[in-house]
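Just so it is clear, the structure is predicted and the values come from calculations on it, not from any experiment.
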There are 2 protein chains.
Amino acid sequence: MTPQRQMVLDVVCEIGDHARPEQIYELVQQKSPAVHRATVYRTLKLLCELGLVTDTTTAEGHMVYEIAGKQPHHHLVCRCCGADLEFPDEDYRAFVDKLEEKSGFRIEATHITLSGLCPDCQK
Amino acid sequence: MTPQRQMVLDVVCEIGDHARPEQIYELVQQKSPAVHRATVYRTLKLLCELGLVTDTTTAEGHMVYEIAGKQPHHHLVCRCCGADLEFPDEDYRAFVDKLEEKSGFRIEATHITLSGLCPDCQK
DNA sequence: ATGGATGCAAAAGTTTTGCAAAGAA
DNA sequence: TTCTTTGCAAAACTTTTGCATCCAT
């Protein structure tokens, strides 16, 4: 675990929510401008493989990272204001379980992001 | 509705499943090599706005298009062999309805794609 | 002629890769 | 030394945009 890797991990922790690579890169830059973008990408991929962070794809197709080890949960992201509401796994899990049973597929999407409008932006 | 647009629409129909822009472009190319990639992209965007096709983002973050007007449905895509199984809306709808009620969000993801392993590839 | 559609080239955004230098084991 | 990590630059991939031309009204 090199300083660069620690820093990337810290930043992902710090952001807490869904962290996009560019956002991570910018924060890392602020702390240590020498760290290269490629290092951030390589590190994120590595941290994923190590299971320290998880990756998801948003409904808009952006890769987002998050610290692993939290309770399984998912995200509702407001496409208008960006508000990010986590929701617990139980309902999704029930849905996926039923789907696996019916289809025979083993579903690997363990962390999903749904896009929509938050209560405020619906007004 | 120009010949180019008709051709893009036809190809999306023809592919049936989730059609990726490059795949669409290639098939259009075979029929009419003069059609430019930018035209395909512009046309897909237009057809979306017209409601003739729908777009989704796969779990891998790729944009995929599909002819509109089908019954609401979703996709299970095998990350190993690419098999694409559609599943009906009902269970997803029930899940989303519950989620909307609990969260206050209006969820706009009306066409989702989950990634996993098909029965064959689990062996 | 007016306005939209197209082809083209170029840009833009994101992510990956090859390679050489630097560092640690 | 040997293996890994890093910084760098460049490529790769996907999508968008500006502009001139073309076509149909």
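Between B:Lys45 and D:dT16 there is a side-chain polar atom (N or O) within less than 4.0 angstrom of OP1 or OP2. For B:Arg20, a side-chain nitrogen or oxygen approaches OP1 or OP2 of D:dT14 to under 4.0 Å. Look at B:Thr39 and you'll find a side-chain N or O under 4.0 angstrom from OP1 or OP2 of C:dG7. For B:Thr2 and C:dT6, the shortest distance from a side-chain N or O to OP1 or OP2 is below 4.0 Å.
The only option from A:Asp84, A:Thr58, A:Thr113 that meets the side chain to side chain donor-acceptor pair (under 3.5 Å) definition with A:His75 turns out to be A:Asp84.
When heavy atoms are screened at a 4.0 angstrom cut-off, B:Ala38 is found touching base atoms of the nucleic acid.
Atom pair A:Glu49:CD and D:dT5:C1' shows a separation of 15 Å (rounding to whole Å applied). Atom pair B:Ile24:CD1 and D:dT15:C1' shows a separation of 13 Å (rounding to whole Å applied). When rounded to the nearest whole Å, the span between OH of B:Tyr41 and C1' of D:dT17 equals 14 Å. Going from atom CG of B:Leu50 over to atom C1' of C:dA5 covers 14 Å, rounded to whole Å. Nucleotide D:dT17 holds its P atom 15 Å from the CG atom of B:Leu46, rounded to whole Å. The nearest whole Å value for the distance from the CD atom in B:Gln23 to the P atom in D:dT14 is 12 Å. Atom NE2 of A:His36 and atom C1' of D:dA11 are 13 Å apart (whole Å). Distance CE (B:Met63) to P (C:dG13): 18 Å, rounded to an integer number of Å.
Listed candidates were C:dT15, D:dT6, C:dG7. Nearest to the side chain of A:Arg5 is D:dT6. For A:Pro21, the listed nucleotide lying nearest its side chain is C:dT15; candidates were D:dG7, C:dT15, D:dT15. For B:Arg42, taking side-chain heavy atoms from C-beta onward, the closest of the listed nucleotides D:dT14, D:dT17, C:dT15 is D:dT17.
Residues B:Gln122 and A:Gly104 approach most closely at NE2-O, 2.8 Å, considering heavy atoms.
For B:Asp10 and B:Lys31, the salt-bridge test fails: no basic side-chain N is under 4.0 Å from an acidic carboxylate O.
Not counting sequence neighbours, the partners of A:Tyr92 by the ring pair (Phe, Tyr, Trp, His ring centres under 6.0 Å) test are A:His74, B:Phe95.
Both B:Val40 and B:Ile67 sit in one connected hydrophobic cluster of ILVMFWY residues. Membership requires side-chain heavy atoms under 4.5 Å apart, directly or through other members.
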